[in-house]
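These notes are about the structure you will find just below.
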Amino acid sequence: MTDRHRVVHPGPSGYPSAESLAKVPRVAVVGGGIAGLSAATALAERGARVVVLEREEYLGGRVGGWSTVLQDGSPATMSRGFHAFFRQYYNLRNLLERSDPGLRRLHAVEDYPLIDDSGRIDGFKGLPQTPGLNALAFALRSPTFRPRELLSLNAIAALPLMTVSVPGTYEQLDNIPAAQFLRDINFPEAARHLAFGVFSRSFFADPEEMSAAELAMMFHLYFLGSSEGLVFDVPTSPYPQALWDPLGKYLEGLGVEIRTGVSVSSVERGFSVDGEKFDAVVLAADVGGLKKLTGDLGTTAWREDVAALQNTPPFLVHRVWLDKPVNADRPAFIGTGKMPPIDNISILERFEDEAAEWASRTGGSVVELHAYAATDSEDDTREQLMSRMHEIYPETASATVVAERSEWRDDCPMFGLGHFARRPTVRTPEPGLVLAGDGIRIDLPVALMERAATTGLHAANTLLAGWGVQGHDIETVPVKGRFRVFEALGRLMPRP
């Protein structure tokens with residue numbers, strides 16, 4: 001979090017606390033994931049009375065975790081899989097610092113190789129931090145690029161990567177598939193599948209079905225718009241222990257009431273949440289939950305926009321506890337290209353204390369396999385993942401699986417073609433009702449977990465501003481491309 005070009009978007013001004021009001025507002029936050037916790041934190045810190053209602057028995061949403069017992073009797077924490085906490089996730093990291101000053105419960109992953117079916121390996125360690133130079137250095141040292149391929153890139157067609165803005169980039173590219181955009185700029189096929197394929201599939205979508213605008217935004221966020229680089233952090237313990245249990249205690253210290261295992265069935269004007277009265281509501285549910293709770297709120301057009309939201313294809317997280325270790329030189333995390341259905345492999349004992357303790361005690365390894373945008377059944381995908389693991393890490397073929405756990409889900413928001421224009425925003429037609437989540441539109445350069453944290457913060461600011469109470473600053477990478485010469489060129493080019 002050292003980029004001097006990062007942008008601070010000031011929060012609304014007003015009273016320092018809601019306690020200055022004639023009546024302190026009571027707010028229901030429906031959803032205890034990143035977006036809901038971000039909103040709850042921002043509201044509670046300004047004196048609002050907050051109740052968090054979470055369907056699961058744990059906090060964290062899609063980055064949560066729960067207890068299980070392995071076949072050998074060992075207690076373990078299962079989750080929906082690996083997440084990367086990038087340095088440019090300013091609002092998420094600020095949220096986590098509430099209960100972890102200095103973010104000591106995060107650990108840097110120095111590099112994460114990307115490998116393809118031909119054995120070519122890319123990596124991000126040692127890249128310069130200066131935007132532009134980082135992308136050039138990556139290309140020059142990558143085995144998936146050849147000098148003549150760099151020279152054959154269609155620079156004019158690639159200009160949108162250099163001139164990102166919101167909503168301009170979406171107006172220009174949202175109806176174009178990410179894969180088609182890469183073909184149009186003559187991006188080398190091998191590099192396309194490896195570098196961009198790995199990142200686009202982190203949205204749980206096939207590049208042929210994902211918006212090119214999201215791809216351009218991702219390129220801006222991680223390469224050309226930020227000097228934070230592509231080094232990321234991971235928690236040193238499972239998600240509950242490292243992140244959400246401490247944050248939950250922090251919120252309870254602010255007077256927040258956290259109710260887990262509560263499935264909200266209705267939100268009515270007024271606001272009544274399952275018959276309980278509130279002054280305002282933050283809907284921070286997933287797509288399915290949001291659709292269920294819309295009811296007759298807002299306007300017909302708004303409800304139709306909510307109903308139009310889609311989820312990505314299913315994904316599988318398969319974790320195995322092996323009786324033999326993977327080789328000591330294996331990295332903590334790798335991404336894969338052109339090796340369906342596997343998208344990445346994590347060796348958990350490399351960074352997580354619970355897995356490290358199990359591996360040390362048993363002499364084994366804890367390996368997590370991901371398949372995004374799966375096209376086959378859960379059972380077939382699981383079998384294929386195991387085969388790929390044996391292929392990529394041959395030493396695992398002779399290991400016995402001591403325990404295994406799988407998560408087959410299809411509840412991640414889809415960033416498909418033309419979706420941006422009608423994606424619901426934080427502000428709704430219903431006064432006192434706001435939305436938050438990684439599927440909610442916000443016209444800032446954010447993505448994935450950072451979009452969730454940022455929309456939660458913006459949702460809280462929207463309510464606070466309505467009460468005349470001071471809000472919170474929001475931080476992002478620059479809102480436009482950092483290279484003015486390309487911006488000038490872009491203005492001269494005709495829009496499609």
Derivation of the side-chain contact (heavy atoms from CB on, under 4.5 Å) call for Tyr393 and Ile334: CA-CA 11 Å; Tyr393 291 168; Ile334 66 165; 3.7 Å; yes
Spacing of Ile342 atom CD1 and Ile345 atom CD1 [to the nearest 0.5 Å]: 4.0 Å
Residue that, paired with Arg405, satisfies side-chain contact (heavy atoms from CB on, under 4.5 Å) out of Val320, Leu70, Val317: Leu70
From Phe351 atom CZ to Asp353 atom CG, the distance as rounded to the nearest 0.5 Å: 11.0 Å
Partners passing ring-ring contact (aromatic ring centres under 6.0 Å, His included) against His220 (at least two apart in sequence or in another chain): none
Side chain proximity check, Asp438 to Met449, heavy atoms < 4.5 angstrom: no
Carboxylate-amine/guanidinium contact Glu252 Lys249, below 4.0 Å: no
Criterion side-chain contact (heavy atoms from CB on, under 4.5 Å) on Arg350 and Val326, from CA distance to verdict: CA-CA 11 Å; Arg350 297 285 192 267; Val326 298; 3.6 Å; yes
Pair Gln180, Asp184: side-chain N/O donor-acceptor within cut-off below 3.5 Å: yes
Lys/Arg N to Asp/Glu carboxylate O, Arg319 vs Glu407, below 4.0 Å: no
Salt bridge (Lys or Arg N to Asp or Glu O under 4.0 Å) between Glu214 and Arg451, worked out: CA-CA 12 Å; Glu214 288 295 336; Arg451 183 184 275 122; 3.3 Å; yes
Side-chain heavy atoms of Met414 within contact of Asn311, under 4.5 Å: no
Donor-acceptor under 3.5 Å (Asn91 side chain, Glu475 main chain): yes
Basic-acidic side-chain contact under 4.0 Å: Glu395, Arg330: yes
Check: Phe333 main-chain N/O paired with Ser346 side-chain donor or acceptor under 3.5 Å: no
Thr163 OG1 to Lys480 NZ distance, which is reported to the nearest 0.5 Å: 10.5 Å
Donor-acceptor under 3.5 Å (Ser38 side chain, Ala453 main chain): yes
Rounded distance (nearest 0.5 Å) linking atom OG1 of Thr454 with atom NE2 of His9: 9.0 Å
Whether Glu209 side chain and Gly416 backbone form a donor-acceptor pair below 3.5 Å: no
Thr336 side chain reached by Asp116 side chain, heavy atoms, under 4.5 Å: no
Carboxylate-amine/guanidinium proximity below 4.0 Å for Asp233 and Arg93: yes
Within-4.5 Å side-chain heavy-atom neighbours: Glu383 and Met386: no
Test item: His107 side-chain N/O and Arg105 main-chain N/O as donor-acceptor pair under 3.5 Å: no
Distance-minimising heavy-atom pair for His472 and Ala42: NE2-O, 2.9 Å
NZ/NE/NH1/NH2 to OD/OE distance under 4.0 Å, Asp286 and Arg55: yes
Side-chain donor-acceptor contact under 3.5 Å, Asp72 with Ser74: yes
Residue pair Pro246 / Asp100, side-chain heavy-atom distance below 4.5 Å: no
Aromatic ring proximity, centroids under 6.0 angstrom, Phe232 and Phe85: no
Counterpart residues, ring-ring contact (aromatic ring centres under 6.0 Å, His included), relative to Tyr170 (two or more places apart): Phe420
Residues Ser211 and His419: side-chain donor-acceptor under 3.5 angstrom: no
Pairwise distance OG1(Thr169) to CG(Leu215) - rounded to 0.5 angstrom: 11.0 Å
Donor-acceptor pair between Glu54 and Thr260 side chains, under 3.5 angstrom: no
Stepwise side-chain contact (heavy atoms from CB on, under 4.5 Å) check, Asp122 with Arg120: CA-CA 7 Å; Asp122 278 316; Arg120 289 171 292 203; over 6 Å; no
Check: Glu450 side chain, Tyr90 main-chain N or O, donor-acceptor pair, under 3.5 Å: yes
Check: Ser226/Arg6 side-chain N/O donor and acceptor closer than 3.5 Å: no
Any donor-acceptor N/O pair, Thr476 side chain to Pro445 backbone, under 3.5 Å: no
Check against side chain to side chain donor-acceptor pair (under 3.5 Å), Glu349 and Ser365: CA-CA 7 Å; Glu349 70 265 20; Ser365 275; 2.5 Å; yes
Cationic N near anionic O, under 4.0 Å, Glu368 to Arg80: no
Heavy atoms from other residues, nucleotides or ligands near CZ of Arg98 exceed 12 (cutoff 6.0 Å): yes
Polar side chain donor-acceptor pair, Ser237 to Glu352, under 3.5 angstrom: no
Where Pro160 and Leu173 come nearest, the two heavy atoms and their spacing: CB-CD1, 3.7 Å
Minimum side-chain heavy-atom gap Trp358-Leu348 below 4.5 Å: no
Heavy-atom side-chain contact between Val30 and Val282 under 4.5 Å: no
Residues Asp443, Arg441: salt bridge by 4.0 Å N-O rule: yes
Donor-acceptor under 3.5 Å (Asn154 side chain, Ile185 main chain): no
Parallel, tilted or perpendicular: rings of Tyr372 and His370 (30°, 60°): perpendicular
Approximate separation, where rounding is to 0.5 Å, of Ile442 CD1 and Leu435 CG: 12.0 Å
Which atom of Gly439 lies closest to which atom of Leu309, heavy atoms considered: O-CD2, 4.3 Å
Residue pair Leu322 / Thr396, side-chain heavy-atom distance below 4.5 Å: yes
Polar side-chain atom of Glu354 near backbone of Thr77 as donor-acceptor pair, under 3.5 Å: yes
Non-hydrogen atoms of Pro313 and Ala373 that approach each other most closely: CB-CA, 3.9 Å
Test item: side-chain donor near acceptor, Asp3 and Ser227, under 3.5 Å: yes
Whether Phe86 and Tyr112 hold their rings parallel, tilted or perpendicular, with breakpoints at 30° and 60°: perpendicular
Check: Glu228 side chain, Thr2 main-chain N or O, donor-acceptor pair, under 3.5 Å: yes
From CA spacing to verdict: side-chain contact (heavy atoms from CB on, under 4.5 Å), Gln88, Tyr222: CA-CA 8 Å; Gln88 50 270 70; Tyr222 298 118; 3.8 Å; yes
Between Glu45 and Tyr250, a side-chain donor and acceptor under 3.5 Å: yes
